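Comments concern the structure below.
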Protein chains: 2
Amino acid sequence: MQLMSEKGAAGGGLRERKKRATRAALAEAAVRLAAEHGADKVTVEAISAAAGVSVRTFFNYFDSREDAFVVIDADAGARMRRAVLDAPAALSPLEALREAMAAELAEAEQQHELWRLHAEVLHASPHLLARGVGAHMAAEADLAEALAERLRATGGGATASGLYPRLLAAVAGAAVRTSVDHWSAHQQEAAFLDVFHEVFTLLAAGLPAPSA
Amino acid sequence: MQLMSEKGAAGGGLRERKKRATRAALAEAAVRLAAEHGADKVTVEAISAAAGVSVRTFFNYFDSREDAFVVIDADAGARMRRAVLDAPAALSPLEALREAMAAELAEAEQQHELWRLHAEVLHASPHLLARGVGAHMAAEADLAEALAERLRATGGGATASGLYPRLLAAVAGAAVRTSVDHWSAHQQEAAFLDVFHEVFTLLAAGLPAPSA
DNA sequence: GTCAATTTTGCAGACCGTGCATCTTTGCAT
DNA sequence: ATGCAAAGATGCACGGTCTGCAAAATTGAC
């Protein structure tokens, strides 16, 4: 089992705040060390030392060493869930999802340097990249549930036992990963939001062959 | 580094055949043991013993213990790549991909029992499921390349530095995972191919809100 | 049958990850 | 403030994972 604050957003108690700080310190130390020495040369002991806690405590926060490189922001899923639920009813499901994700990504931009390092680390070791992809699955399941709820609220009937929302969440996740990866590789050529927008346009059009 | 046969398809040499047999034996032993005792109670020692090789040899075939549960068929990617390249030019990219994947999944059905066990094992431990998702990424990159080549062949111009094929591959991968997962959870209610077809129909339509 | 190339194996050793007992810190009621 | 109960941090022990390395066994070609 994993120690996790019950509340996704800013909690008042000192305990909660300290825990979040420790977690953030561990994650940041892991990413910075990995960016410098390569992810597979960074031991749990080094990460723990850099964050000022014991090795045993590291494992109170992360289930495995690699999770420290992968899970940057544990609350992102909860925030997106809220954003989907609070989206204007006029938006289509895909649009609501796009807006929620765009907002989340814009927030990530605020810690630009760390985010950049993180992308660099993942890109340097495909093994971690794969793990990162898998890590988004829990968030996707959450999103699917939020989408299903939104659909019920906006009047859609029984949506074929939930296939549609799950597909939507999974596809949107794939879209975000593709956008980030593509932008990461062509960073100078295009702004991230442009790539992101193009990807969702393609999705909404049903992925037609790009006629010349 | 990983021991891998250079040739994806059936190789003639005795060496190649033996290596594939050993690999398959290890993977099958891993899945069967995991289905019986739970994946996290199965040690590398047990898997190796069941396959009749030493522990050290296990690690000559798999980079990690968990890979044995995740990587069933190492050649599936190569086969799909071929299928995409050989698809009739009349098909849209998404259709070509759908056909390639359908053929691959139909082949998997032939080892029905093992495939079923495999899905069961992954579903039982989300951790492995996530890992499995990530494992498909290399295959997706391969597929993206094949799609790009196909696009060049059928006359599409420079497709925005490859964003489109990568998106297509990633989205199709997400679609397959969603199909398998959904079918796995509602196994009695619907045939897999029906779910698969519905998912790709939704994709081609641009993921519209399911109007009642 | 012999030889070179490849694969398997055992062994040593570093690192990972967990259960348990203990100690320290936090939150709260008084 | 002070003491108490809950929760987190820590150390320790132990089993499992994974990697070099060198020796033994197997395969393929002559």
Side-chain angles (χ1 to χ4, degrees), chain A residues 1-7 11-27 29-30 33-34 37-71 74 125 127-128 130-131 135, chain B residues 1-7 11-27 29-30 33-34 37-71 74 125-128 130-131:
Chain A
M1 262 319 140
Q2 179 88 346
L3 280 183
M4 283 278 295
S5 66
E6 298 295 322
K7 334 197 43 146
L14 172 60
R15 253 184 181 137
E16 296 296 322
R17 242 178 304 138
K18 255 194 148 178
K19 271 169 57 173
R20 254 205 297 280
T22 302
R23 188 186 189 81
L26 282 169
L33 287 172
H37 304 113
D40 49 355
K41 310 277 256 180
V42 178
T43 67
V44 173
E45 188 173 356
I47 300 171
S48 309
V53 297
S54 72
V55 172
R56 188 63 184 80
T57 294
F58 173 94
F59 285 108
N60 284 340
Y61 283 90
F62 296 95
D63 281 336
S64 78
R65 169 183 153 275
E66 301 193 339
D67 280 355
F69 302 117
V70 159
V71 185
S125 50
H127 183 253
L128 280 185
R131 187 129 180 168
Chain B
M1 259 320 143
Q2 179 89 347
L3 280 183
M4 283 278 297
S5 65
E6 298 295 323
K7 336 196 44 148
L14 172 59
R15 255 183 181 135
E16 296 295 323
R17 244 177 303 138
K18 252 195 150 178
K19 270 168 60 170
R20 255 204 299 280
T22 301
R23 186 186 190 82
L26 282 169
L33 287 171
H37 304 112
D40 49 355
K41 310 277 256 181
V42 178
T43 67
V44 173
E45 189 174 356
I47 300 172
S48 308
V53 297
S54 72
V55 172
R56 188 63 184 81
T57 294
F58 174 94
F59 285 108
N60 285 341
Y61 283 90
F62 296 95
D63 281 336
S64 79
R65 169 183 154 276
E66 302 193 338
D67 280 354
F69 303 117
V70 159
V71 185
S125 49
H127 183 253
L128 280 184
R131 187 129 180 167

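Worth knowing before you read on, the calculation uses all heavy atoms, side chains too, and leaves out hydrogens, waters and symmetry mates. A note on names: the letters A, B, ... follow the listed sequences, proteins ahead of strands, and every chain is numbered from 1. Treat the numbers as computed from the prediction; the structure is a model and nothing was measured.
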Restricting to nitrogen or oxygen on both sides, can you table the protein-nucleotides 28-30 of chain D pairs closer than 3.5 Å?
unit_1: D/dG28; atom_1: OP1; unit_2: B/Leu14; atom_2: N; d: 2.9
unit_1: D/dG28; atom_1: OP1; unit_2: B/Arg15; atom_2: N; d: 3.0

So, using side-chain hydrogen bond (donor to acceptor under 3.5 Å, both in side chains) as the criterion, who are the partners of A/His37 when residues are at least two apart?
none
Should A/Phe62 and A/Arg65 count as side-chain neighbours, where that means a heavy-atom distance under 4.5 Å?
no
Would you please confirm or rule out a distance under 4.0 Å between OP1 or OP2 of D/dT26 and any side-chain N or O of B/Lys18?
no
Kindly compute the distance separating CG (B/Asp67) from CG (B/Leu26), expressed to the nearest 0.5 Å.
12.0 Å
Rounded distance (Å) that lies between atom P of C/dT18 and atom NZ of B/Lys41
13 Å
Applying side-chain contact (heavy atoms from CB on, under 4.5 Å) to A/Ala50 and not counting sequence neighbours gives A/Ala29, A/Leu33
Ignoring backbone atoms, test whether B/Ser54 places a side-chain nitrogen or oxygen under 4.0 Å from the OP1 or OP2 oxygen of C/dT9.
yes
With B for base contact, S for sugar-phosphate-only contact and - for none (protein heavy atoms under 4.0 Å), nucleotides 12-19 of chain D reads B----SBB
Can you sort out the partners of A/Thr57 under side-chain hydrogen bond (donor to acceptor under 3.5 Å, both in side chains), two or more places apart, ordered by chain and number?
A/Ser54
Once you round it to whole Å, what is the distance between P of C/dT26 and CZ of A/Arg17?
11 Å
Inter-end axis angle, the helix from C/dG1-D/dC30 to C/dT30-D/dA1, with every axis fitted to five base pairs (rounded, 10 degrees):
30°
Can you find a side chain N or O atom of A/Tyr61 that sits less than 4.0 Å from OP1 or OP2 on D/dG8?
no
Minimum side-chain heavy-atom gap A/Ser64-A/Arg131 below 4.5 Å
yes
